[in-house]
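Take a look at the structure set out below.
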Number of protein chains: 2
Amino acid sequence: MIRHSHNISEEHSKLESYLQSNGLKLSFGRELVFQAAIGSHGHFTAEELVKLLKKQPQRVSRATVYRSLKELLEAGVIRETAFGDKHHHFEHVYDEDPHHHAQCIRCHSFIEFPDLKEDTVYRPILEKEGFKILGHEMHFYGICRKCRDRNS
Amino acid sequence: MIRHSHNISEEHSKLESYLQSNGLKLSFGRELVFQAAIGSHGHFTAEELVKLLKKQPQRVSRATVYRSLKELLEAGVIRETAFGDKHHHFEHVYDEDPHHHAQCIRCHSFIEFPDLKEDTVYRPILEKEGFKILGHEMHFYGICRKCRDRNS
DNA sequence: TTATAGATGATACACTGTCTCATTATGATC
DNA sequence: GATCATAATGAGACAGTGTATCATCTATAA
């Protein structure tokens, strides 16, 4: 069961209103980065988009990809998922069920599980600090079933 | 209220048994990295330890620091905390109150807030998957007060 | 003593993300 | 359409992080 709480044009509107309220324009480069991000499945990294957008007829530079990703992030179109490695990981919000990740510290595989709104406990605390929450992620770490079996 | 669920020699034993079961020796370099990691407060990055250990009379190289940190990680003496930037962050397990982080996507500063056991909702789900939970972290991202004020 | 295996440091390296700057595009106003 | 101000872009330089290599050193066992 996939919840279509968002649709693409809704996401696009988010971007547009973010751009407008910051005096920015919906340029061709931004549009392409938006399309690439929305068109992705699962996670992607900035560098993956860079490579992807270098292949296209209408090429987009690294600088633009990084800049646009930051905007998409602030606009709430994508969110950052924090894994323990050196890349920034993103995933888009559209058509995704909110979910979290549990990662195995041995094989680095991860499993996803649905969001159950556990974050509500913390929201008042952060808001009191003046922190504007754009999103959150639960990150469990441990040993996955395969690695446990392998050991015993 | 600080929970002393661990003590230093216990952590040291963890390291020793890890080394032994992997045919490694408790060398002077490893011992120094261990001391530095355990002696730290809050988070630290690999590079911070590198700088710290370069100042000491008994100098330790970058390569050794990175190697040893990986071992401490697998031994369970330190854990990785996932921020969205390009550094690996660590913190040691000994003598720490469980807490979480909210990070600003503009200035990368973060605030900490105490753990409120929100994870209990998810534990049954993960256990059913055969995942052995070693720990978890909540990671909020957004805009901090300073950066919000700066904009308006 | 010798042999073996691990430990180390120096260094080269690849990669990620940031920054600058000169150039180009955009769009509003006249 | 011409002009002007402002934003957008790409190229490339750059700094920082983490990895890999390799020759040398150390420790331990035989």
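In what follows, chains are A, B, ... by sequence order, proteins preceding strands, each numbered from 1.
- A ring-centre distance under 6.0 Å is not found for A:His136 and B:Tyr141.
- Note on A:Arg62: every side-chain N or O is 4.0 Å or more away from OP1 and OP2 of D:dA11.
- An OP1 or OP2 oxygen of C:dG9 is reached within less than 4.0 angstrom by a side-chain nitrogen or oxygen of B:Thr64.
- Within 3.5 Å, a donor on the side chain of B:Arg67 pairs with an acceptor on the base of C:dG9, or the reverse.
- Counting to the nearest Å, the P atom of D:dG16 and the NZ atom of B:Lys51 are 7 Å from each other.
- Atom CG in B:Leu19 sits about 12 Å away from atom C1' in C:dA7, given to the nearest Å.
- Separating the CD atom of A:Glu31 from the P atom of C:dT26 is a distance of 13 Å, rounded to the nearest angstrom.
- As a whole-Å value, the separation of B:Gln58 CD from C:dA7 C1' is 13 Å.
- Relative to the side chain of A:Leu24, the nucleotides D:dA8, C:dC19, D:dG18 differ in distance, and D:dA8 lies closest.
- For A:Lys70, no side-chain nitrogen or oxygen approaches OP1 or OP2 of C:dG17 to under 4.0 Å.
- In this structure, B:Lys54 and B:Lys25 both approach DNA chain C, and ranking their closest nucleotides by distance from the 5' end singles out B:Lys25.
- In this structure, the side chain of B:Glu74 does not engage the main chain of B:Glu71 through any donor-acceptor pair within 3.5 Å.
- Taking the ring centroids of A:His92 and A:Phe44, they lie at or beyond the 6.0 Å cut-off.
- Rounded to an integer number of Å, the gap from CD of B:Glu47 to P of D:dT19 is 11 Å.
- Rounded to an integer number of Å, the gap from CG of A:Leu53 to P of D:dT9 is 12 Å.
- Remark: aromatic rings of B:His99 and B:Phe113 are distant, center separation not under 6.0 Å.
- Between A:Glu48 atom CD and C:dT16 atom C1' the separation is 13 Å, expressed in whole Å.
- Side chain of A:His139 to backbone of A:His101: no donor-acceptor contact under 3.5 angstrom is found.
- Nucleotide C:dA7 holds its P atom 10 Å from the CG atom of B:Asn22, rounded to whole Å.
- In this model, the phosphate group of C:dA25 is not approached by any side-chain N or O of A:Ser27 to a distance below 4.0 Å at OP1 or OP2.
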